[in-house]
Amino acid sequence: MRLSLKPLKPPAAATLRRFSADPHGTPPADPSCPISETLSLLQTSDPISWPANSTLADLLSSLSPPSVLKITRQLPGSQNALQFFEYLKSSPHLSDSAPFAFQAVLELVMRENPNSPGKLYELFAMAKEQNTPLSVNAGTLLIMCFSNANMLEEMVMVLDAIDTQVRNTHVVNLVVFGLFNLGRFPAALKLVDKMLQPGASNPPNGRTLRIVFSSILGKKHRGGDLGDEEIYDLFLRFSENGLCLGGYWLTHMISRFCRNGNCDTAWNALQKAMNSGSVVEVFPCNFLLSRLGQQRDYTRMNLLMNEMKEKGITPTVVTYGIMIKNLCKIRRLDEALEVLEKMRDGEAGIEPDIVIYNTLIDGLCKVGRQEDGLRLMETMRSSETKCEPNTVTYNCLIDGFCKVGDIDMGRELFEQMSNLDEGVNIISLNAMLGGMCRVGRVSSAMELFSRMREKGLEGNTVTYTALITAFCGANNIEKAMDLFDEMKENGCTPDAIIYYTLISGFTRAGRMNDAMEIKSKMEEAGFSLDIIGYNIMIGGFCRKNKIGNASELLTEMEIAGLNPDRVTYNTLISYFCDKGDFKHAQKVMKKMVDDGLSPTVVTYGALIQGYCMKGSLSAAMRLFTDMKSTSKVPPNTVIYNILIDSHCKEDNVEGALSLMDEMRDHGVKLNTTTYNALFKGLQQRNWSKKALQLMKQMSKQECMPDYVTMEILTEWLSAAGETEKLKEFVRSYRASNLTV
DNA sequence: CACCCACCCC
């Protein structure tokens, strides 16, 4: 065994001093006291004379081992103490006291040489060689000293040298702590495991619990590769020993479980802690509530909230924030606002903070109540709550207004933001650009982007995704690709989303080779297509009549472990139906059902459309009747639209109109396509009266006409001299604040 | 506890 001679760290020296202090103080030199008498005899005689001194032997045999410890401590130095120890050890009747004297020797050596654990090790090795039992206190001293000197092996050797009969939890804890502290997780856990065994001689105590969990949850060793399940298992085993984690480290553990998505584990652990009387603070509850909210597990959220109430755990503003956020998410804005009111009335005992306001403003915007959001921002300004609107407040509102197409309002708010401390950030820009792109104002978006870049605000992946989506939508694939390259040059790492965007853009443009190339690049970057991505590309190849390529992708997809879903099957069914190949369509449909996927309304739509295209409207109608009677799939707007269009094309306008009535009776919404088909049919018959009636109905239902509607009506009605009615139709949309 | 990006089938 090599001796380490690392210097002792100062804190260790302090600990040792504390440890070696005599708890009873130095006794007065009283000749009637055997301790004093022995001590003075030792101090006044030569150690060589001790073995022959019968008075000394008599005195010592009358003393208890702890008294011997006291005496040894007061000898003039470690050298002298060591001689005393040797003397005790070699005297048959006194050898039981030797381990106590040895402890004092160690204390003295430490005091004399605070920085040489090596010396201590030599003494330890000597005692071991001589088979002197190591007292638990002496062992503890050595372990503390070796632990601080990073002398791991030595530390474990000392522990092993302490007789299991006298070994206590405290000393085992010291070793466990030392091992964890130096990152020796497996060794530390092995010791802990021993302590946790039923009937263990050194069962864990509260300190063991804290050592273990601060080590595995603390930042220093990042858990030492322990998985959440292993941590939870330890937690349970400690609980079984009556030691349930609470407080700070419980919070850490729950937050870790939640962060890793192990919600059930977090739930079980928190339940255990709450029901075993541990100190459960509000913080772990907040972590779990937040996670449950993400998973939309409202049942458990409510259960937990009730439990918190029962256990007297007071919610914080964060707890309220989580509740409000989730009410917003399920679009129960009025209830969320009620919570705010309660907070403002002082009923909750907690003042709302800026996050609460921002959550609500975002929630309002996301359900289309931008104006209410704006008003709430004004409330923030006027309230005495020190909640001035910040960048996030504005970002929520900008996004809200942009999402409903009110770009101008978004822009106004965007400009107002320069008054804020933080001003606009990348999220403001992205919300604004996204809005502009969605309404097709791509050049304005590009202008704004370059203006912001001049001011030093660079775009990120999200920015480029918005722009690339817009250019793909405008079929300007080249520009989209340029932006993609620019983005990479600017140091933005493409994420999976931007690859999906490009793949979908290329596919829509019918450029399957380019789409395949992006797919390869994506895979090189470490991403892989998801089921939606495969569906997009399979659909793209089908539209190009390249069923071979589609089939290859299908195989690849299944090898990758992705099963075809309803959309995949519908894509293929639609392909065969479009070709009039109903035999293959049926085959695919059978496979779909065999896979446990029932046909959807889209499946029926594909077949019905196929029959219509083939000219067998009667076959289409038979299927349609089946849908209504035998299948559990009720026809939707698209199905009706296909049939109405087909009836009109066959000049059966009456049939089309009666289908329209049926839609109304069955509560199926009419859309622009429905009206367009009907207008075309009515135009063939020149039934302008009926058309005017439908126009009224259309505007009443706030169904927006598109360029197809306008083309038909303009041509037909101007010729029929109904220009005024047409103008009225257009005006009706202006009045309802919609733009035609 | 708050804000920004994507997509499939009729």
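A note on names: the letters A, B, ... follow the listed sequences, proteins ahead of strands, and every chain is numbered from 1.
Of the side-chain N and O atoms in K519(A), none sit less than 4.0 angstrom from OP1 or OP2 of dC7(B). Not one side-chain nitrogen or oxygen of K403(A) sits closer than 4.0 Å to the OP1 or OP2 atom of dC3(B).
If you measure from atom CD1 of I468(A) to atom C1' of dC7(B), you get 15 Å, rounded to the nearest angstrom. For L327(A) and dC1(B), the CG to C1' distance is 13 Å, given to the nearest whole Å. Between I531(A) atom CD1 and dA6(B) atom C1' there is a gap of 16 Å when expressed in whole angstrom units. What separates CD1 of I356(A) from P of dC1(B) is a distance of 11 Å, to the nearest Å. Following rounding to the nearest Å, N430(A) (CG) and dA6(B) (P) show an atom-to-atom distance of 11 Å. Following rounding to the nearest Å, Y394(A) (OH) and dA2(B) (P) show an atom-to-atom distance of 21 Å. Taking atom CD on E351(A) and atom P on dC1(B), their separation rounds to 21 Å, with Å as the unit. Regarding I608(A), its CD1 atom lies at a distance of 9 Å from the C1' atom of dC10(B), rounded to whole Å.
N358(A) and N390(A) share a donor-acceptor pair across their side chains, judged by distance under 3.5 Å alone. A donor-acceptor contact under 3.5 angstrom links the side chains of D565(A) and T568(A), judged on distance only.
One finds the CD atom of E371(A) at 4.5 Å from the CZ atom of F401(A) (value rounded to the nearest 0.5 Å).
Picking from dC5(B), dA2(B), dC10(B) the nucleotide with the shortest atom distance to the side chain of V462(A) gives dC5(B). Taking every side-chain heavy atom of T465(A) into account, dA6(B) is the closest of dC8(B), dA6(B), dC10(B). The nucleotide whose nearest atom lies closest to any side-chain atom of I532(A) is, among dC7(B), dA2(B), dC10(B), dC7(B). Residue I354(A) places its side chain closer to dA2(B) than to any other of dC5(B), dC10(B), dA2(B). Side-chain proximity of I639(A) to the nucleotides dC3(B), dC10(B), dA2(B) is greatest for dC10(B). For V355(A), whose side chain is taken as the heavy atoms from C-beta onward, the closest listed nucleotide among dC1(B), dC4(B), dA6(B) is dC1(B). With distances taken from any side-chain atom of S504(A) to the nucleotides dC10(B), dC7(B), dC3(B), the minimum falls on dC7(B). Checked against dC5(B), dA2(B), dC10(B), the side chain of D495(A) finds its nearest nucleotide in dC5(B). Picking from dA2(B), dA6(B), dC5(B) the nucleotide with the shortest atom distance to the side chain of T501(A) gives dA6(B).
Annotation: cation-pi pair R291(A)/F287(A) absent, no NZ/CZ under 6.0 Å from the ring centroid and within 45° of its normal.
Across all strands shown, I322(A) has heavy atoms under 4.0 Å from sugar-phosphate atoms exclusively, and none from any base. Heavy atoms of D353(A) sit under 4.0 angstrom from at least one base atom. Within 4.0 Å (heavy atoms only), K366(A) reaches sugar-phosphate atoms of the nucleic acid but no base atom. Nucleic acid contact for D565(A): none, since no nucleic acid atom lies under 4.0 Å from a heavy atom of the residue.
Aromatic rings from Y464(A) and F471(A) are positioned such that their centres are separated by 6.0 Å or more.
Using cut-offs of 30° and 60° for the angle between ring planes, the Y499(A) and F527(A) rings count as tilted.
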